[in-house]
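Working notes, structure below.
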2 protein chains.
Amino acid sequence: MSQKLEQLSKNQQIVLNLIEKAKGPLKAYSILYNVQKKGIKAPLQVYRALEKLIKIGKIHKIESKNAFIACNNSECEISNATAFSICDNCEHVKEIKNAKLSKYLSNFHDNSGMKFKKYNLEFFGLCKNCKLKQ
Amino acid sequence: MSQKLEQLSKNQQIVLNLIEKAKGPLKAYSILYNVQKKGIKAPLQVYRALEKLIKIGKIHKIESKNAFIACNNSECEISNATAFSICDNCEHVKEIKNAKLSKYLSNFHDNSGMKFKKYNLEFFGLCKNCKLKQ
DNA sequence: TTATAAAATGTTATATTATAACAAACGTTA
DNA sequence: TAACGTTTGTTATAATATAACATTTTATAA
Ligand SMILES: [Zn+2]
Ligand SMILES: [Zn+2]
Ligand SMILES: [Zn+2]
Ligand SMILES: [Zn+2]
């Protein structure tokens, strides 16, 4: 199994494939269940792949849901500036691509003397579909 | 034990007292350990108090840390617009009070037709202290 | 006051999420 | 080849959070 610098390992690729074809964020143990037929047997194998995929920006963790979603933003390879919209009703999650927002937040600083290198923003509300139904 | 509308119950008050006098965010089981002398014995008693305190805006959950911090912002009683700065080194956490930021984010909307009712923003970096030491 | 509904409590058990520790195999580079 | 870092496999366990049910307390109002 050849593996160049920028390539993913076997387990990493298996986990990424699953997350990329999913319609929404997946939980770690749901991933585990779904990749057992591929030979991944233990939680750690999943968590290690997730850790790497997050590090290289292929996926993100939705912190409020303990779930993992494929990156939808070619610009955030470093994964240090993420924003999501999350529907409170159907749990639909979407990564927000908005240059103005990311510029605003990347340049933001408070009065504490702290330099921010990374941020994660989660918006909650009702998606268009769920709004109509109510 | 009398209890008016806006007052907290016994367990809620015990948990809130602990969180308010803490220097930083506390984890649920650390809270449990520290309130056992007050008669709170089980995780669920802590989690139920936390749930209520979050709901009324007295505390917030730091999602990336699974920890709970007292609200530092008299204006966010409803707890629907929160922002924090988190030091990657010493884990110091501070709630950001910034009218411009909260106005910007409260008015933000993307092109999905979704109306945001709530957001949570976490900034990461090195605090002033930790920056000096490196 | 008495009925009643809502909120909070107490308790046991269990579900869910995540990491520790260690040995072995693989990939890259010299 | 040797050396090094990364990835893997495996077992066990830690840490975080909720389900289910019985009971008690509080608020509201008939
Ligand atoms: Zn992304
Ligand atoms: Zn929805
Ligand atoms: Zn607050
Ligand atoms: Zn620091």
Side-chain angles (χ1 to χ4, degrees), chain A residues 1-19 22 24-69 91 93 120 122, chain B residues 1-19 22 24-69 91 93 120 122:
Chain A
M1 183 92 31
S2 83
Q3 184 175 8
K4 289 176 198 158
L5 266 170
E6 63 288 324
Q7 283 197 336
L8 299 175
S9 74
K10 181 172 125 270
N11 288 358
Q12 291 157 12
Q13 192 63 62
I14 290 169
V15 170
L16 180 58
N17 285 347
L18 184 73
I19 295 177
L26 296 179
K27 303 216 148 205
Y29 277 74
S30 152
I31 292 169
L32 175 57
Y33 177 81
N34 281 286
V35 296
Q36 281 181 334
K37 66 197 73 159
K38 305 269 185 186
I40 294 180
K41 291 175 188 165
L44 242 197
Q45 295 175 287
V46 171
Y47 279 104
R48 287 197 283 222
L50 291 172
E51 184 183 29
K52 180 65 183 289
L53 293 168
I54 288 170
K55 193 175 162 195
I56 64 179
K58 291 286 190 185
I59 66 170
H60 305 299
K61 182 174 185 181
I62 307 299
E63 293 285 358
S64 62
K65 301 210 164 297
N66 297 317
F68 304 87
I69 193 171
E91 306 216 328
V93 175
N120 180 54
E122 298 183 0
Chain B
M1 183 91 32
S2 83
Q3 185 174 7
K4 288 175 198 160
L5 265 169
E6 63 287 325
Q7 284 196 336
L8 299 175
S9 74
K10 181 173 124 268
N11 288 359
Q12 290 158 11
Q13 192 64 62
I14 290 169
V15 170
L16 180 58
N17 286 346
L18 184 73
I19 295 177
L26 296 180
K27 303 217 149 206
Y29 277 74
S30 152
I31 293 169
L32 175 58
Y33 177 80
N34 281 286
V35 296
Q36 281 181 334
K37 66 196 76 161
K38 306 269 187 186
I40 293 180
K41 292 175 186 163
L44 200 43
Q45 295 175 287
V46 171
Y47 279 104
R48 288 197 281 224
L50 291 172
E51 183 183 28
K52 181 64 184 288
L53 293 168
I54 288 169
K55 195 176 162 196
I56 63 179
K58 292 285 189 184
I59 66 171
H60 305 299
K61 182 173 185 181
I62 307 299
E63 293 285 357
S64 61
K65 301 211 164 295
N66 296 318
F68 304 87
I69 192 171
E91 305 215 330
V93 174
N120 179 54
E122 299 183 1

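Just so it is clear: chains get the letters A, B, ... in the order the sequence lines come, proteins before strands, and each one is counted from 1. Everything numeric in this text was worked out from a predicted model, so none of it was measured.
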Quick one: [X] [atom1] to [N] [atom2], roughly how many Å, whole number?
X: B/N11; N: C/dA8; atom1: CG; atom2: P; answer: 11 Å
X: B/I62; N: D/dA15; atom1: CD1; atom2: P; answer: 21 Å
X: A/L8; N: C/dG27; atom1: CG; atom2: P; answer: 14 Å
X: B/I14; N: C/dA8; atom1: CD1; atom2: P; answer: 14 Å

Distance test, side-chain N/O of [X] to OP1/OP2 of [N], below 4.0 Å:
X: B/K27; N: D/dA15; value: no
X: A/K52; N: D/dT7; value: yes
X: B/Y47; N: D/dT18; value: no
X: B/K41; N: C/dT11; value: yes
X: A/Y29; N: C/dT16; value: no
X: B/S9; N: D/dT26; value: no
X: B/Q45; N: C/dA8; value: no

Options C/dT12, D/dT8, C/dA18, nucleotide nearest the side-chain atoms of A/A28: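 For the A/A28 side chain, the nearest candidate turns out to be C/dA18.
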
Compare the minimum distances between each of C/dA8, C/dT17, D/dT10 and the side chain of A/N66, then state the nucleotide with the smallest one.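 Per side-chain heavy atoms of A/N66, the pick is C/dT17.
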
Looking across every strand, which nucleic acid part, if any, lies under 4.0 Å from B/K61 by heavy atom: base, sugar-phosphate, or nothing?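 Touches sugar-phosphate only.
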
For residues 47-54 of chain B, please give each side-chain donor-acceptor pair under 3.5 Å, one per line with the distance, not counting sequence neighbours.
none

Please find the pair of heavy atoms, one from B/E122 and one from B/K61, that lie closest to each other, and give the distance.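 Closest pair (atom of B/E122, atom of B/K61, distance): OE2-O, 4.5 Å.
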
Flag, side chain of A/K27 to backbone of A/K65, donor-acceptor distance under 3.5 Å: yes

